[in-house]
**Student:** 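After the structure tokens below, expect a handful of questions from me.
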Amino acid sequence: MIVEMKKVSLVMLKAEQEQALKKLRSLGVLHLESLEGNGEKLAELKAALEQCNDAVGILSEIKLPKGTSYKDLTSEELENLSAVVLSDSEKKKSLQDLINLDKQELDRFKAWGSVTVSDFSYLAENGIYLSLYEIPQDKWRNIGDDVNVLLVNKDKNQVRFLLLSDSADAERPAGLPAEAYSVPMPKMSTKELAEEIEASERQIADLDSEISSKAVYVPALKNYSRKLIKEIEFETVNSGMGHEGDGSSALSWITGFVPVDSLDRLKQNAISENWAFAVSDPSEEDNVPTKLKNNKLVSLIYPLTDFLGTVPGYHEFDISGWFLLFFTIFFGMIFGDGGYGLLLTFAALLGMAISFTKGKKPGAGLGLLLLLGLSTVAWGTVTCTWFGLPLEKIPDWVKNLSLKPLSNAFIADFEGRDGVTTVTQNLQIFCFSLALLQLTVAHIKAIAKNIKSLKAFGDFGSLILLWGMFYVVLSMVVDAKIFSFDKVVYGIPIGTVAIVLVVAGFMLSFVFANYEGSIVSSILESVKNIISVLLGVVNVFSDIVSYIRLWAVGLAGAAISNTVNQMAGPMWGKLSLLLTFVILLVFGHGLNMILNVLSVIVHGVRLNTLEFSSHLGMSWSGFKYEPFSETVNK
């Protein structure tokens, strides 16, 4: 359930503000409204955090030998350490840039051989001005006889030569072809460039050694980072609080939200600390955090919702229990293989055993994995699917555990029977029935929420529209003959009833869906959005059909596992190919399981957070309750 929140405002003397915040942080119950801090201290803390995190990023890339003892330092020493690591890293980057430039220069003069800049300068001082030039091989003979050139070397493409001039600023000779281009002198001789590269590489090696020696402080830096985060949070609140008045009578105030079960503790501390306080119910405009409270079983879904970052709004529904129930079913159907389920179950049990041996309580993630593994085993048992094995290789007693209408082992029993659905059709009907069940739950919850308003009739209309559309889906997708619109069962015209439900549901929804105190206004609102209203009927159809993905994705996974087995089959029994056989099976089935995990995230989660939630009217607009406390919020 979503825990009820109260809006609380606290007022204290500005002179006691910092001490009051420390007390409030130690209580750890008040979720503060968003504040914008300012000031030099806050800026310094943020800069220190950025510097620390950058240093951690650099040092974390260094692998230390096993058994390395990590060291600790004071906060001041860690701040200096971060600065040194960043400085060394910048020096290393500058040296690497210098090496790259020098190497480019060496590459540019590779064909020229050794070039000494000082020699050219010496000749220039003595009135001999030489410039470096290159020209395409086929243009070399075009140089005029009046141009003084000295051939250096040539290859099949280029000719390199020196141009002799009368002065440093002499004009380009007229007899020098346009294709000849001047080669700028290097900044130093090629020998000096090579020496500079070697010197820079030695400096980089020294810096690498210096940086690596500091990797033993990574845990200390991470702790320091967490400490800075809390200091920044504190200073943000401290500098962002509201103020009024001057001198010793100046006041400060702060506002936030507290769960009702923690309100008394906050009140008692406010009284003992001489804080003025006001408590009220949050308004519709308030941005209220969401705190969920459920039993241990339902709480197993939290690792998944935390990973997805999905939080219901404070005024929305807590569907954690329904999410867990249907996600567990969807997971089993998408994985679809009892053998895979056994592997997941074993992995969960192994993880729990390791946790117990370390004296730790297994986390909710392992509990969820165990539940999902058992669900997969159950579905694999029902459908008789085990590691994609052919039916003839599965023992009869295992086949007999399966549910005949949904079992691969009894497909032949349904073939050729007129008016009877096949196993494939039964699986489709099962998927659509899950859709009907889950979406019915959504509409019943919506009805219950609006039971004191005529809007509940609109929700009821959506519900019976869903029921009628369910039969339409069976007729159009599964089998139009078996689920015909003129079908009569025990004297009840099922098809006619379905059409009536669709029409009646649409009318009720059209009239009451937008009810806010006036039926006329509700109808006008529907008329104004008639296109969306009509598309809503189509969406109900598509939402039900969308659940067929559970069967389709499971079928794809079964096909992959079967293909892997067929590829590995010929290797069975051949000792020379045993290793290849094992690798192929492990890789193939492992890859299939990874693809199944992705399918669960894409499809299994979607049915809960989109189809189910849209029928509930949920937008997952909430954010987690994270009180102002001494611990770092994750």
**Student:** Which atoms form the tightest heavy-atom contact between Gly321 and Val298, and what is the distance?
**Tutor:** N-CG1, 3.5 Å
**Student:** With sequence neighbours excluded, tell me which residues meet side chain to side chain contact (heavy atoms under 4.5 Å, CB included) with Leu207.
**Tutor:** Asp88, Lys91, Lys92, Leu95
**Student:** Which heavy atom in Pro259 sits nearest to a heavy atom in Val3, and how many Å separate them?
**Tutor:** CB-CG1, 3.9 Å
**Student:** Checking side chain to side chain donor-acceptor pair (under 3.5 Å) against Ser252, which of Glu18, Gln17, Glu244 comes through?
**Tutor:** Gln17
**Student:** Apply side chain to side chain contact (heavy atoms under 4.5 Å, CB included) to Arg25 and Phe234, showing your working.
**Tutor:** CA-CA 8 Å; Arg25 187 170 64 172; Phe234 184 89; 3.7 Å; yes
**Student:** I'd like to know if Glu105 and Lys187 make a salt bridge, using a cut-off of under 4.0 Å between side-chain N and carboxylate O.
**Tutor:** no
**Student:** Check Val8, Val11, Leu10 against Ile254 for a side chain to side chain contact (heavy atoms under 4.5 Å, CB included) and give me the one that passes.
**Tutor:** Leu10
**Student:** For Lys291 and Glu4: C-alpha separation, side-chain torsions, deciding distance, then whether side chain to side chain contact (heavy atoms under 4.5 Å, CB included) applies.
**Tutor:** CA-CA 8 Å; Lys291 181 182 180 182; Glu4 182 184 355; over 6 Å; no
**Student:** Looking at Tyr625 and Val288, would you say the former's side chain and the latter's main chain have a donor-acceptor pair under 3.5 Å?
**Tutor:** no
**Student:** Parallel under 30°, tilted from 30 to 60°, perpendicular over 60°: which one fits the rings of Trp112 and Phe109?
**Tutor:** tilted
**Student:** Please determine whether the number of non-hydrogen atoms from other residues, nucleotides or ligands lying under 6.0 Å from atom CH2 of Trp275 exceeds 12.
**Tutor:** yes
**Student:** Tell me whether Lys46 is salt-bridged to Glu44, with the criterion being a basic N under 4.0 Å from an acidic carboxylate O.
**Tutor:** no
**Student:** Could you please spell out the steps behind the salt bridge (Lys or Arg N to Asp or Glu O under 4.0 Å) verdict for Arg160 and Asp155?
**Tutor:** CA-CA 9 Å; Arg160 282 161 284 278; Asp155 53 38; 2.8 Å; yes
**Student:** So does Ile99 get a backbone contact from the side chain of Ser200, meaning a donor-acceptor N/O pair under 3.5 Å?
**Tutor:** no
**Student:** Can you check whether Leu595's main-chain N or O pairs, donor with acceptor, with Ser599's side chain at less than 3.5 Å?
**Tutor:** yes
**Student:** Within the side chain of Ser60, is there an N or O that forms a donor-acceptor pair under 3.5 Å with the backbone of Val56?
**Tutor:** yes
**Student:** Evaluate the side chain to side chain contact (heavy atoms under 4.5 Å, CB included) criterion for residues Thr609 and Trp620: first the C-alpha distance (whole Å), next the side-chain angles of each, then the deciding distance (0.1 Å), finally the verdict.
**Tutor:** CA-CA 8 Å; Thr609 57; Trp620 298 96; 4.0 Å; yes
**Student:** Is Glu33 salt-bridged to Lys7, going by a charged N under 4.0 Å from an acidic O?
**Tutor:** yes
**Student:** With distance as the sole test, does Glu316 use its side chain to make a donor-acceptor pair with the main-chain N or O of Gly313 at under 3.5 Å?
**Tutor:** yes
**Student:** Within the distance-only criterion (no hydrogens, no angle test), does the side chain of Ser299 pair as donor or acceptor with the backbone N or O of Asn295 below 3.5 angstrom?
**Tutor:** yes
**Student:** How about Phe587: does its CZ atom have over 12 heavy atoms from other parts shown lying under 6.0 Å from it?
**Tutor:** no
**Student:** Closest approach of Leu343 and Phe387, non-hydrogen atoms and distance?
**Tutor:** CD1-CE2, 3.9 Å
**Student:** Decide ring-ring contact (aromatic ring centres under 6.0 Å, His included) for Phe623 and His31; before the verdict, give the C-alpha distance in whole Å, the side-chain angles of both, and the deciding distance to 0.1 Å.
**Tutor:** CA-CA 11 Å; Phe623 57 97; His31 180 109; 5.7 Å; yes
**Student:** What residue pairs, at least two apart or across chains, pass side-chain hydrogen bond (donor to acceptor under 3.5 Å, both in side chains) with a residue in residues 347-360?
**Tutor:** none
**Student:** May I ask you to say whether Lys93 pairs ionically with Glu90, meaning some side-chain N is under 4.0 Å from a carboxylate O?
**Tutor:** no
**Student:** Is there a side chain to side chain contact (heavy atoms under 4.5 Å, CB included) between Asn608 and Phe326 once you walk through the steps?
**Tutor:** CA-CA 8 Å; Asn608 279 291; Phe326 287 106; 3.9 Å; yes
